[in-house]
Amino acid sequence: MTAYAIGHLHWVDMGVDIVAYLTGIDATLAPFGGRFIIHGATPQVLEGAFPGDLIVIAFPDLERARGWYGSDAYQAILPLRLRNSEGDVFLIEGVDADHRATDILSAGSGEI
């Protein structure tokens, strides 16, 4: 099942370190089948507020997403971003193509 690495960066210092990070990240994704599907586009906010930038990278599955994040190649450039940005980053699995909203009612504890 497709998995995603999602970053919501609230602040980024677009200096030389971030340029180096951006220059290097694509090569770290390729061995794990990762590809950007959202990268810094300005959202059309319909409710609430959304400060910062959204980044979404798709992977074939959660195992490869974890493998990418923990890889030597990505860990080598990660400090460049960590020193020059603030935000939230996480991995999450997607849902099957036939998923319906009510599927979550039978998947967990029954609590809404």
Side-chain angles (χ1 to χ4, degrees):
M1 181 176 315
T2 303
Y4 303 92
I6 299 177
H8 178 200
L9 300 182
H10 309 286
W11 167 81
V12 178
D13 177 9
M14 288 299 291
V16 294
D17 280 355
I18 291 295
V19 170
Y21 174 84
L22 293 172
T23 301
I25 191 170
D26 289 324
T28 72
L29 296 171
F32 300 93
R35 65 181 183 86
F36 285 96
I37 59 173
I38 298 172
H39 194 197
T42 303
Q44 181 181 357
V45 178
L46 301 176
E47 299 178 24
F50 196 86
D53 297 307
L54 181 67
I55 299 94
V56 180
I57 304 170
F59 292 89
D61 53 49
L62 192 55
E63 180 179 341
R64 283 183 261 197
R66 286 182 183 133
W68 162 73
Y69 191 84
S71 71
D72 290 343
Y74 186 66
Q75 290 297 308
I77 65 169
L78 180 58
L80 299 171
R81 180 180 58 76
L82 292 175
R83 287 192 305 259
N84 296 282
S85 68
E86 294 177 1
D88 307 301
V89 176
F90 57 92
L91 303 177
I92 192 166
E93 280 188 306
V95 295
D96 292 327
D98 62 348
H99 176 84
R100 299 293 175 255
T102 54
D103 291 349
I104 66 164
L105 298 175
S106 60
S109 64
E111 295 180 32
I112 297 178

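Just so you know, these numbers come straight off a predicted model, no measurement behind them.
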Quiz prompt | Pairs touching residues 56-75 that satisfy salt bridge (Lys or Arg N to Asp or Glu O under 4.0 Å), sequence neighbours left out | solution = Asp61-Arg64
Residues 22-45 side chain polar contacts: donor-acceptor under 3.5 Å, at least two apart:
from  : atom 1 : to    : atom 2 : distance (Å)
Thr23 : OG1    : Val19 : O      : 2.7
Thr28 : OG1    : Ile25 : O      : 2.7
Thr28 : OG1    : Trp68 : NE1    : 2.9

Quiz prompt | From Leu9 atom CG to Glu86 atom CD, the distance as rounded to the nearest 0.5 Å | solution = 10.0 Å
Quiz item: Can Tyr4 be reached from Val95 by stepping across I, L, V, M, F, W or Y side chains whose heavy atoms are under 4.5 Å apart?
Solution: no
Practice problem: Examine Ile77 and Val12 and state if one hydrophobic cluster contains both, with Ile, Leu, Val, Met, Phe, Trp and Tyr joined whenever side-chain heavy atoms are less than 4.5 Å apart. | Solution: yes
Practice problem: Sequence neighbours left out, what pairs pass ring pair (Phe, Tyr, Trp, His ring centres under 6.0 Å) with at least one residue falling in residues 82-102? | Solution: none
Exercise. Answer yes if Ile6 and Phe50 sit in the same cluster of Ile, Leu, Val, Met, Phe, Trp and Tyr residues linked by side chain heavy atoms under 4.5 Å apart, and no otherwise.
Key: yes
Self-check item: side chain to side chain contact (heavy atoms under 4.5 Å, CB included) against Asp96, all qualifying residues, sequence neighbours excluded
Solution: Met1, Asp98
Quiz item: Residues in side chain to side chain contact (heavy atoms under 4.5 Å, CB included) with Gln75, at least two apart?
Solution: Tyr69, Leu78
Self-check item: Partners meeting side chain to side chain donor-acceptor pair (under 3.5 Å) with Asn84 (sequence neighbours left out)
Solution: Asp17
Practice problem: Please lay out, stage by stage, how His10 and Asp88 fare under the test side-chain contact (heavy atoms from CB on, under 4.5 Å). | Solution: CA-CA 8 Å; His10 309 286; Asp88 307 301; 3.0 Å; yes
Self-check item: Closest non-hydrogen atom pair between Ile18 and Asp13, with its separation
Solution: CG1-O, 3.1 Å
Self-check item: For His8, side chain to side chain donor-acceptor pair (under 3.5 Å) partners two or more places apart
Solution: none
Practice problem: Among Ile, Leu, Val, Met, Phe, Trp and Tyr joined by side-chain contacts under 4.5 Å, find the other residues sharing a cluster with Leu46 and list them by chain and number. | Solution: none
Quiz prompt | salt bridge (Lys or Arg N to Asp or Glu O under 4.0 Å): pairs with one or both residues in residues 44-58, sequence neighbours excluded | solution = none
Self-check item: Residue list, side chain to side chain donor-acceptor pair (under 3.5 Å) with Tyr74, at least two apart or on another chain
Solution: Tyr21
Quiz item: Transitively linked via ILVMFWY side-chain contacts under 4.5 Å: Ile55 with Leu91?
Solution: no
